[in-house]
Protein chains: 2
Amino acid sequence: MPKIDSLPTQNARPKRQRKSSEQRVSDIIEAAADHFAEIGFGGGTREIAKRVGVTQPLLYRYFPDKDSLIEAVYRSVYLESWNADWEAILQDRSQSVRSRFDAFYRAYTQANFTPRWLRISYFAGLRDAHINEWYNHLVEELILKQLVREHRIELGQPDDAYVSPAELEPAWQIHGGLLHYGWRRHVLNLPVTNDMGQVIDDALDMYFAVAANVYAREADSDADTGH
Amino acid sequence: MPKIDSLPTQNARPKRQRKSSEQRVSDIIEAAADHFAEIGFGGGTREIAKRVGVTQPLLYRYFPDKDSLIEAVYRSVYLESWNADWEAILQDRSQSVRSRFDAFYRAYTQANFTPRWLRISYFAGLRDAHINEWYNHLVEELILKQLVREHRIELGQPDDAYVSPAELEPAWQIHGGLLHYGWRRHVLNLPVTNDMGQVIDDALDMYFAVAANVYAREADSDADTGH
DNA sequence: TCGAAAAGTAATCATGTGATAAATAATCCG
DNA sequence: CGGATTATTTATCACATGATTACTTTTCGA
């Protein structure tokens, strides 16, 4: 069977096949996230390009400088990791507050407790507190204040939208304790139990055991100051 | 009053005064710890030398390479931050377990919850899990297992030196939650409450509210497996 | 099919880095 | 004092880094 080079058949494919601009951008962000998660944001651009399979200057076609790429990684990691369905779970009053937060934290930890997400989060916090500050605000508004408010309602207390900082602290204690479990398991690679359900159960047990007292204490001090 | 330069008086002091080898070493480690805490272990050796007030090659007289300096910083930060007296506090059975751990965590957080210690700890964990693994082992042996054992005794349970991993997890939850408070306060610089005593009180409330159940659950499963 | 637009590479620059060798200056001791 | 020792600096190297420019190759629509 003779090979006819000059004939423009579908076999004569180009040496390097190109990708669309959008595809390349997301490839680069993906590779950068992996690399930064391993090395930190000091990681080199050449290594990222190598992971994508392109040359290093190509990165500068899509990002004006390294900081822009880092910012894109921030966005990607944080935005992709928040699932809008979770808010529905937390608000579903056909379930007890306890089982809502149990379900939520199972989903939340399953989605976010990966070496990549955890390492990027901690690297980001150490590099530039701002981005992490923003994310913590999200956690506070969407999860922790929700926990306090819904729990107070379930306890038959008046529905006060205000949640004081001191009242939030025990909720942070739970959230932070779980995060530290992720840190030990997926960053330090320590041989912790992998029964995430049990860990969450125990953590929530702790919270619900003391929460009512904390609300009462805060209600007293709020009455004094009239918050 | 004529100035007689050739006379070897005490006024004719040398231009640069030298320091002893030991003094320089500790100066360098100190400056390196500060710098690494701010920038991370990618921080430059020239900047460290600048902080000390010497030239950069001098560092290589005292440390064969940068990794050795980093290791020295590890040692310095971790060793200086552990106070041997704390072990006595934890073992003092004239006090209740609760008040012992309350006193301990007040001292522990006061000593360690600084931007420098926290940032170096997290940077170290991200860079090389090993060093942090070692420190966590210390925490586990000296603090958390101690908490479980002493509490069991106080509850009138048999004095079993063995503490299962699953039994340790709620104690880690408390410890990790407190650490995360430090992270938010001293790394992210978030406006958290600065009533550390209250934070510790609430955290310990949580632990002691559920601990007995956890011990019982573990005693059951241990009976099955005969650990 | 041809030519413009866009994806991609090669070559290179300026700079900052860890590290080394040789020279200098302060200190110590007989 | 005077020589040996040692702290410290000067000059420099090799290399990796972020970034830029000019060139090449693929793609795609008129």
Side-chain angles (χ1 to χ4, degrees), chain A residues 5-33 35-36 38-73 123 127-128, chain B residues 5-33 35-36 38-73 123 127-128:
Chain A
D5 284 359
S6 58
L7 214 61
T9 74
Q10 55 268 50
N11 292 335
R13 68 167 67 120
K15 292 170 186 172
R16 283 182 300 270
Q17 89 163 345
R18 292 181 163 185
K19 291 196 175 180
S20 73
S21 169
E22 295 81 9
Q23 184 61 48
R24 267 292 182 247
V25 166
S26 69
D27 283 357
I28 292 171
I29 292 174
E30 187 69 12
H35 187 232
F36 289 150
E38 276 184 32
I39 311 297
F41 294 107
T45 54
R46 279 171 179 78
E47 174 64 25
I48 295 168
K50 196 174 175 183
R51 287 183 186 231
V52 178
V54 298
T55 55
Q56 179 249 5
L58 188 64
L59 305 191
Y60 289 85
R61 181 174 191 84
Y62 299 106
F63 301 92
D65 52 27
K66 192 182 172 184
D67 273 348
S68 305
L69 177 54
I70 291 174
E71 202 188 326
V73 169
F123 272 128
R127 179 192 144 91
D128 166 25
Chain B
D5 283 359
S6 58
L7 215 61
T9 74
Q10 56 269 50
N11 292 336
R13 69 165 67 119
K15 292 172 186 174
R16 284 184 299 270
Q17 88 164 346
R18 293 183 163 182
K19 290 197 174 179
S20 73
S21 169
E22 296 83 8
Q23 184 60 48
R24 268 292 182 245
V25 166
S26 69
D27 283 359
I28 292 170
I29 292 174
E30 188 68 14
H35 187 231
F36 289 151
E38 277 184 30
I39 310 297
F41 294 107
T45 53
R46 278 168 180 81
E47 174 64 25
I48 295 168
K50 197 175 176 183
R51 287 183 185 231
V52 178
V54 297
T55 55
Q56 178 250 3
L58 188 64
L59 305 191
Y60 288 85
R61 181 172 191 84
Y62 299 106
F63 300 93
D65 51 26
K66 193 182 171 184
D67 273 349
S68 304
L69 177 53
I70 291 174
E71 202 187 327
V73 168
F123 272 127
R127 181 191 141 89
D128 166 25

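All figures in this text were calculated on a predicted structure; none of them were measured in a lab.
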Steps toward side chain to side chain contact (heavy atoms under 4.5 Å, CB included) verdict (B:Leu69, B:Tyr62)
CA-CA 9 Å; B:Leu69 177 53; B:Tyr62 299 106; over 6 Å; no
What's the verdict on side chain to side chain contact (heavy atoms under 4.5 Å, CB included) for A:Val54 and A:Asp27, showing C-alpha distance, side-chain angles and the deciding distance?
CA-CA 10 Å; A:Val54 298; A:Asp27 283 357; over 6 Å; no
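Below 30°, between 30° and 60°, or above 60°: for A:Phe41 and A:Phe123 the angle between ring planes is above 60°, a perpendicular geometry.
A heavy atom lying under 4.0 Å from DNA chain D marks the following residues of residues 51-58 of chain B, by number: B:Val54, B:Thr55, B:Pro57, B:Leu58.
Across all strands shown, A:Arg24 has heavy atoms under 4.0 Å from sugar-phosphate atoms exclusively, and none from any base. When heavy atoms are screened at a 4.0 angstrom cut-off, B:Phe63 is found touching no nucleic acid atom at all. Using a 4.0 Å heavy-atom cutoff across all strands shown, B:Ser21 reaches sugar-phosphate atoms only and no base atom.
Whole-Å rounding puts the A:Tyr62 OH to C:dT9 C1' distance at 12 Å. Separating the CG atom of B:Asp65 from the P atom of C:dA19 is a distance of 5 Å, rounded to the nearest angstrom. In this structure, NZ of A:Lys66 is placed 8 Å from C1' of D:dG18, rounded to the nearest angstrom. The distance between atom CG of A:Asp67 and atom C1' of D:dT17, rounded to the nearest whole Å, is 14 Å.
Residues B:Phe63 and B:Ala72 approach most closely at CE2-CB, 3.7 Å, considering heavy atoms.
You'll find a donor-acceptor pair under 3.5 Å spanning the side chain of A:Arg18 and the base of D:dT26, going by distance alone. Interface remark: the B:Arg46 side chain does not form any donor-acceptor pair with the C:dG16 base, using a distance-only criterion of under 3.5 Å.
The side-chain hydrogen bond (donor to acceptor under 3.5 Å, both in side chains) pairs that include a residue from residues 39-48 of chain B are B:Thr45-B:Gln56, where partners are two or more places apart or lie in different chains. Applying the salt bridge (charged side-chain N to carboxylate O under 4.0 Å, His left out) test to every pair with at least one member in residues 58-67 of chain A, sequence neighbours left out, gives these pairs: A:Asp67-A:Arg127.
The side chain of B:Tyr60 approaches C:dA19 more closely than any other nucleotide in the set C:dA19, C:dG8, D:dT6.
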